[in-house]
There are 2 protein chains.
Amino acid sequence: MNKPRQYNRRKVTLKDVAAYIGVSHTTISNAYIRPNQLSVELRKKILLAAQELGYTGPDPAAKQLATGRSGVIGFLFSEDLPYAFSDPALRAVLQGVALSCNTLKTDLTLISASNNLQNIDHPVSLGNAAVDGYILYSVAPDNRCILMAQQRNVPLVVIDQPRLSNIPYIGIDDRKAAYQAAQYLLGLGHRKFGIISLKTAHDNYNGVLTKQRRHNITHSTIAMRLEGYLAACTEAGLSAEAIPIWETAINSKEQGKEGALFLNNSSSPPTAILAMSDCLALGAMEHFRSAGFSIPQDLSIFGFDDIPEAHSAGLTTVHQPHEQKGIAAVQLLTQQTTRDNISLPTRLVIRNSTGPAPHKK
Amino acid sequence: MNKPRQYNRRKVTLKDVAAYIGVSHTTISNAYIRPNQLSVELRKKILLAAQELGYTGPDPAAKQLATGRSGVIGFLFSEDLPYAFSDPALRAVLQGVALSCNTLKTDLTLISASNNLQNIDHPVSLGNAAVDGYILYSVAPDNRCILMAQQRNVPLVVIDQPRLSNIPYIGIDDRKAAYQAAQYLLGLGHRKFGIISLKTAHDNYNGVLTKQRRHNITHSTIAMRLEGYLAACTEAGLSAEAIPIWETAINSKEQGKEGALFLNNSSSPPTAILAMSDCLALGAMEHFRSAGFSIPQDLSIFGFDDIPEAHSAGLTTVHQPHEQKGIAAVQLLTQQTTRDNISLPTRLVIRNSTGPAPHKK
DNA sequence: TTGTAGGCGTTATCAG
DNA sequence: CTGATAACGCCTACAA
């Protein structure tokens, strides 16, 4: 990917086609963009000549430069690129995006914003692609990409995070959803909770969510969920301070297991686990099961996301409309209804990983 | 996506920055591309000014036009865009591609080649994105994209299909893998087979694979697998003609069920099913189970791909290294070892959807 | 219906 | 280390 044009056995351009049949290059251009600006025959002749000469149509880069748009949508997220195909929730969002792109006939380029934590004086990049607009998916508010994206002067849409003034936003009511989840468990008689949280900042921290970290949460969706969980508990007369919280840097089953291990070893083991993702919840489930627990008899576990696997695993969880997020994002991006905020509905999906609190102990 | 530049409150360019601090635009350009071509101070000053002015670095389109490369890889496949996130096998391949792109810091753009079956005189497009090279994933040999991609004069790599002279190819030995699968079942005593095939051409046909269709298979990987299955059977003394084959246009469980239904209703119902994908196999499994069959006591089912779900479902299948395909593709694409062919290894993964043939009937 | 002239924002070349 | 000048390939008034 270094040598400029080793492939150039001289690229075929508009001009070549024009010269070939003896018209101006404007005419050729018209043949592609404004078919009704020339006779049918001529157009046919041109297209044929193009094929013979091996002209593959207007060069994308040149076209973009001249017109100012590219027909490509950029999807920016803060994890590594492969994440797009491995994380179930992200995948579902992308499925929605792809659905919309498909009908719009725009291409979709995936851009990872994780490479941008470089040294300050090194200019950040938003990927190499020329893009008509960006969808920012759950990017940390302090990621430098955000400012840069705004300066780029192209349409922007944010999913989940962060809320930016004057920029369309799509998300759910995280606080409410979390609140409802906790409340449901409280209704089942649970009084001892444990929380497994997703990352609150991007420092790759795995461990107890300390008081200090709690005051420095940069990921607003996480803050909201935490608030929701704790609010429900507090209202029920529990002490929020007493609830052990484990923070994981990565959304995976492995981390869920670790969290479960910690919670189970805490001074007063919980009878109910609130996990901020299904992956974490499923991991926790595995851990407790292999530790001899019966679920939900001995312990209840509540997930978040409602990924496909949650269904087959019988995990009680918060359903959120991932695919809709993607669809809505493209919609807002293209129709440019600036300053639109969309809050998509969630709902509890009760399956059999939750049940009444076990009687005493 | 129509108005050219409604967003242009006058874009900030190199020139603006240059004018601002009174140097030539070349110097600004150098600040970004050739840091050692100017003093550290000056560079710092420039970067600072850029930030103040809201200059976000070289415009991708312009840069691409000037340099001839874009830092973006195009992944072209013949299904709809959302397929990239729903089809397990494709997803695994993309995961590999993404892995490589991530380390190379290139963006990845997904392009669907399914929109290109338009009227002939309408120029085909390979997507709108400016791309440094294309990975063609299992595109039908007669798809017009292929010729076009070759004419575009950028690096190309083909995965699975079709084999193109002078273009790097990555795939597996489909014939051999299929042969081994059939042979394994023969070894278990099976004599009555049924095959559920993936599509042999892109005409959305669902139904019996007629003799005529069999002579017109455009999808070479499918042809190879079929050949492998049948060769093993023939060598074992069976009549290939007698083996019922069902063709499906879509790779889904639903279609697998349909195929199973047909095979089970054939004049002499099979004791072993060879499915060309795990999705189809899993669908077939469901169908037979709900029809009262015990698997593998009454019936054996052999899949293809080894997707994650095959594991949990206990499906015997052919494992192929999807992710490796993706990784290798990017590698060949970027290092330009033209004319390289890579055949990745497969292996049978025996689980419990296959067993000895049932005794008589 | 066709052609002419200018511009899109960068990079590359090559003197200074 | 810096700065003109010429591509890059196409689009878009505008004039013919």
Side-chain angles (χ1 to χ4, degrees), chain A residues 2-5 7-8 10-19 21-46 50 53-71 123 125 128 130 132 152-154, chain B residues 2-5 7-8 10-19 21-46 50 53-71 123 125 128 130 132 152-154:
Chain A
N2 233 334
K3 306 162 207 166
R5 321 226 166 99
Y7 257 76
N8 268 18
R10 174 90 179 90
K11 202 181 178 189
V12 184
T13 75
L14 261 192
K15 271 184 193 161
D16 298 319
V17 184
I21 43 184
V23 296
S24 98
H25 61 271
T26 305
T27 306
I28 309 293
S29 180
N30 281 334
Y32 284 91
I33 317 198
R34 281 177 267 273
N36 43 354
Q37 291 295 300
L38 34 58
S39 69
V40 185
E41 305 164 17
L42 180 53
R43 189 172 121 91
K44 199 165 259 173
K45 192 170 154 192
I46 290 178
L53 267 48
Y55 177 67
T56 54
D59 175 90
K63 184 174 184 165
Q64 286 163 205
L65 184 56
T67 62
R69 57 204 131 87
S70 68
S125 105
N128 320 298
D132 281 346
R152 270 244 176 138
N153 222 262
V154 296
Chain B
N2 232 333
K3 307 164 205 165
R5 322 225 168 99
Y7 257 76
N8 268 20
R10 175 87 179 93
K11 202 182 177 188
V12 184
T13 76
L14 261 191
K15 270 183 194 161
D16 299 319
V17 183
I21 43 183
V23 296
S24 97
H25 64 274
T26 306
T27 304
I28 309 293
S29 181
N30 281 334
Y32 283 90
I33 317 199
R34 282 177 267 274
N36 43 354
Q37 290 296 299
L38 33 59
S39 69
V40 185
E41 305 163 18
L42 180 54
R43 189 173 121 89
K44 199 165 260 175
K45 191 169 155 193
I46 291 178
L53 266 50
Y55 177 67
T56 54
D59 176 271
K63 184 174 184 163
Q64 285 163 207
L65 183 56
T67 63
R69 58 203 131 87
S70 68
S125 105
N128 320 299
D132 282 346
R152 270 246 175 135
N153 220 262
V154 296

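Every chain is numbered from 1, with letters handed out A, B, ... down the list of sequences. Hydrogens, waters and symmetry mates play no part in the numbers below; they use all other heavy atoms, side chains included.
In this entry the distance linking NZ of B/K63 with C1' of D/dC10 reads 21 Å, nearest Å. Between the CG atom of A/N128 and the P atom of C/dG9 there is a distance of 20 Å, given to the nearest Å. In this structure, NE2 of B/H25 is placed 12 Å from C1' of C/dT13, rounded to the nearest angstrom. One can place CD1 of B/I21 at 10 Å from P of D/dT2, the figure rounded to the nearest angstrom. Per the geometry, CD1 belonging to B/I46 stands 11 Å off C1' belonging to D/dC1, to the nearest Å. Rounding to whole angstrom units, NZ of residue B/K15 and P of D/dG3 are separated by 15 Å. Distance CG (B/N36) to P (D/dC1): 8 Å, rounded to an integer number of Å. If you take CD1 of B/I28 and C1' of D/dA4, they are 15 Å apart, rounded to a whole angstrom.
Considering only side-chain N and O atoms, B/R69 lies nowhere under 4.0 angstrom from the phosphate OP1 or OP2 of C/dT11. Look at B/Y55 and you'll find a side-chain N or O under 4.0 angstrom from OP1 or OP2 of C/dT10. Between B/R34 and D/dC1 there is no side-chain N or O to OP1 or OP2 distance below 4.0 Å. Regarding contacts with the backbone of C/dG9, every side-chain N or O of B/T13 stays at 4.0 angstrom or more from both OP1 and OP2.
Comparing B/A62 and B/T27 along DNA chain D, the residue whose closest nucleotide (by nearest heavy atom) sits nearer the 5' end is B/T27. Of the two residues contacting DNA chain C, namely B/T26 and B/A61, the nearest-nucleotide position lying further toward the 5' end is that of B/A61.
Sorted by first then second residue, the salt bridge (Lys or Arg N to Asp or Glu O under 4.0 Å) pairs that include residues 53-67 of chain A, not counting sequence neighbours, are A/K11-A/D59.
When distances are taken from the side chain of A/V23 to each of D/dT5, C/dG7, C/dG3, the shortest belongs to C/dG3. In this structure, of C/dT4, D/dC11, D/dC1, it is D/dC11 that holds the atom nearest to the side chain of A/I33. Minimum atom distance to the side chain of B/L65 is reached by D/dC8, of the listed C/dA12, C/dT2, D/dC8. Candidate nucleotides C/dG9, D/dT5, D/dC10 were compared by shortest atom distance to the side chain of A/L14, and D/dC10 ranks first. Of the candidates D/dT2, C/dA12, C/dT1, the closest approach to any side-chain atom of B/N30 belongs to D/dT2. Comparing C/dA12, C/dT4, C/dC8 by their closest approach to the side chain of A/S24 singles out C/dT4.
Within the 3.5 Å criterion, the main-chain N or O of A/Q64 finds no donor-acceptor partner in the side chain of A/S70. A donor-acceptor contact shorter than 3.5 Å is absent between the side chain of B/R43 and the backbone of B/P35. In this structure a side-chain-to-backbone donor-acceptor pair under 3.5 Å is present from A/D132 to A/G71.
In terms of polar N and O atoms assigned as donor or acceptor, the side chain of B/S29 never comes within less than 3.5 Å of the base of C/dA12 in a complementary pairing.
Proximity of A/N153 to B/T56: side-chain heavy atoms (C-beta onward) are nowhere separated by under 4.5 Å. A/D16 has its side chain out of reach of A/Y55: every pair of non-hydrogen atoms, C-beta onward, lies at least 4.5 Å apart.
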